[in-house]
Amino acid sequence: MTWSIGIDVGSVSAKGVIFNGEKWDYIVIPTGWMPRQAGKEVLDQLLRKADIGLDNVGIIVGTGYGRVNLDFTHKTFSEIVCHARGAHYLFPQTQGIIDIGGQDSKAIAIDSEGKVKDFILNDKCAAGTGRFLQVMAQVLGYEVSELGERCGTTEPVEIGSMCAVFAESEIIGLLAQGVSQERIVAGVLLSIARRVGTMAAKLNLGPHVTFCGGVAQNQVLQHFLKEHTGWEMEAPEKPQLVGALGAAIIGYELCGGGK
Amino acid sequence: MRAKTMEYFDQLIPKGMVLAKEAKEQGKPVVGYYCVFSPIELIEAAGAIPVGLCATKQEPIAEAEKILPRNLCPMVKSSFGFAISGKCPFFHFSDFVLAETTCDGKKKMYELLSEHKPMIVLDIPNSATLEDLNEHWLKQIYRAKEYFEKNLGTEISREKLREVIKVYNEERKLIMELVSLNKHHPTPITGTDLLKVLWGRSFQFNRQEFLDQVKALITELKEMVANGQFSCSPDSPRILVTGCPTGVGQEKVMGIIQECGGAVVLQESCSGIKGFVDLVDEAKDPFLALAEKYNKIPCACVSPNKGRLSLLSKLVEDFRVDGVVDITLQACHTYNIESYSVKEHLRKNHNIPLLQIETDYSESDTEQIKLRVEAFLEMLK
């Protein structure tokens with residue numbers, strides 16, 4: 001049986017997916033300071049998890065910003081193409097993707113075969129990225145992963161600053177005025193949803209859009225994005241794996257798997 | 001494979017610096033210019049040497065930012081920084097500068113620059129539909145004529161101007177012949193080498209030698225095509241570059257496109273073919289003919305700028321372009337806004353995708369640009 005492996009080394013976490021045309025399994029670890037080692041670690045853990053040797057693997061495809069450092073990959077593809085393939089595999093009817101990653105956010109328009117038609121990335125700035133959320137969570141004393149539960153359905157406070165540094169001071173100011181942490185969290189999530197939603201609107205994605213990247217686990221953010229764009233938004237169970245899954249699928253096809 | 005004749009063009013600008021000095025020592029007047037709107041035939045007809053001025057490197061920007069705001073187009077900052085820091089020999093050796101009111105950044109910068117060098121600033125209207133556009137331009141051409149005659153102590157006769165126009169037209173035809181060789185797939189010359197020739201044209205002091213070398217390059221490239229030798233691989237997507245000027249020293253984006261496996265077929269920008277594609281009408285009065293040629297340059301600082309759309313339409317078909325990369329320099333509002341119209345125009349009429357890259361002269365965004373370009377090329381394959 002031929003297996004393919006996709007490895008997506010992002011700025012926050014390194015993800016790996018192993019795929020045989022029918023089923024797939026995954027590993028996620030923090031990238032840490034050594035993207036190359038993180039990638040190798042993901043590979044080793046994947047092989048152990050699937051209980052196979054490297055000789056059973058037809059191809060290893062790298063993606064994510066750390067892909068250039070991986071010396072064991074056979075091919076590399078940009079995360080744009082990989083996200084497109086991964087999302088298409090999970091949701092064949094999807095017409096677009098919104099991905100909020102650690103250091104960038106992107107919107108991708110795809111056709112009915114999962115091919116990229118157009119894409120747009122945020123400019124060189126933390127606004128609208130996972131990093132922005134992380135900085136704001138830190139100011140409020142929360143973990144990024146708990147931001148969603150923290151605010152629930154509270155009425156969001158208006159946060160005007162898009163710049164991570166200015167938004168931080170704005171939040172400190174709001175706290176000083178006695179605005180509740182819940183309302184601030186909701187405000188932060190709303191500001192990200194507006195920023196990313198407006199960027200995605202340039203591509204006219206809808207109505208079936210896949211929401212991925214680690215941040216997509218946040219239900220409140222997903223709700224705000226839906227409201228802002230008016231599109232149906234679906235997030236996979238493990239939204240941070242879409243890129244690695246796409247890389248594994250592209251690899252599987254390249255090595256003639258399933259034929 | 002790279003044409004051997006390119007070695008001449010590699011040396012053209014460094015050599016030009018020496019030649020500028022020699023020209024001055026021999027008492028020959030030199031007039032500097034920045035922009036494709038400059039009617040440089042007038043300079044030559046006045047017996048002076050027209051020369052381009054430095055504007056496309058990061059290095060002098062820090063110096064410029066001591067006076068100019070940081071949030072300004074890098075080309076405007078670079079031009080100013082080069083000039084005031086004495087790092088542009090062409091500016092140094094220029095008797096005066098022929099400037100023009102194109103974008104807001106430039107015209108306000110010229111106000112400051114005029115304290116460092118005498119200059120004439122042509123008043124260029126930013127409307128393409130101005131009722132008396134030709135008359136307005138003709139007045140500006142005469143203004144420049146008088147300025148040159150007064151400051152250089154010469155007279156620009158119709159006969160002399162006609163002669164120069166003829167020579168410049170021949171040069172334009174030759175350069176377009178060179179560019180046309182890239183209609184072939186795979187391309188015989190890379191986009192960055194093509195830039196070197198076209199950009200170098202503003203820095204040459206021996207026209208005949210330059211023309212002979214362009215001819216030699218054309219011959220060599222034709223031989224390469226006949227022998228099946230090319231500058232890219234057969235599966236390279238064919239990319240047209242448009243947008244803000246991208247001169248020598250600022251090949252960052254084009255370099256990334258080529259490095260990632262794309263072939264830059266040509267540049268539509270003013271650092272590319274924008275100024276070469278149309279000739280000056282030799283049958284008309286030479287002053288009026290100049291006015292008519294230069295007022296039609298399809299720059300984003302003019303509104304509406306339909307000429308750019310029709311030029312792009314022709315180029316993407318003639319050169320069988322797969323994708324367009326639109327380079328926007330930071331704080332260039334006109335090209336930044338126009339990117340949307342260009343993208344829609346190409347999508348609707350030619351089904352060709354456009355990737356907009358917003359950048360400056362620094363290297364800090366290389367990785368981000370690489371990701372966008374890689375994904376764009378993957379999309380085209």
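Note: hydrogens, waters and symmetry copies are ignored here, and every other heavy atom, side chains too, is used. Sequence lines set the chain letters: A, B, ... in the order given, protein chains first and strands last, and positions in each chain run from 1.
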Proximity breakdown for Lys343(B) and chain A, heavy-atom pairs closer than 4.5 Å: side chain

Ser231(B)-Thr187(B) side chain donor-acceptor pair, cut-off 3.5 Å: yes

Worked verdict on Glu378(B) versus Ser78(A) for side chain to side chain donor-acceptor pair (under 3.5 Å): CA-CA 8 Å; Glu378(B) 283 167 0; Ser78(A) 71; 2.6 Å; yes

Contact class of Phe376(B) relative to chain A, heavy atoms under 4.5 angstrom: both

Between Val68(A), Thr76(A), Ile80(A), Val81(A), the one whose heavy-atom pairs under 4.5 Å with chain B are most numerous: Val81(A)

Side-chain touch Lys106(B)/Cys35(B), heavy atoms, less than 4.5 angstrom: yes

When Ile120(A), Asp104(A), Ile108(A), Leu121(A) are compared by non-hydrogen pairs under 4.5 Å with chain B, the top option: Leu121(A)

Carboxylate-amine/guanidinium contact Asp111(A) Lys117(A), below 4.0 Å: no

Plane angle bin for Phe230(B) and His184(B) - parallel if under 30°, tilted between 30 and 60°, otherwise perpendicular: parallel

Ile249(A) CD1 to Leu90(A) CG distance, which is reported to the nearest 0.5 Å: 7.0 Å

Which portion of Leu355(B) sits near chain A, non-hydrogen atoms under 4.5 angstrom: side chain

Interface moiety of Gln103(A) toward chain B, non-hydrogen atoms closer than 4.5 Å: neither

Portion of Tyr65(A) that has a non-hydrogen atom of chain B nearer than 4.5 angstrom: neither

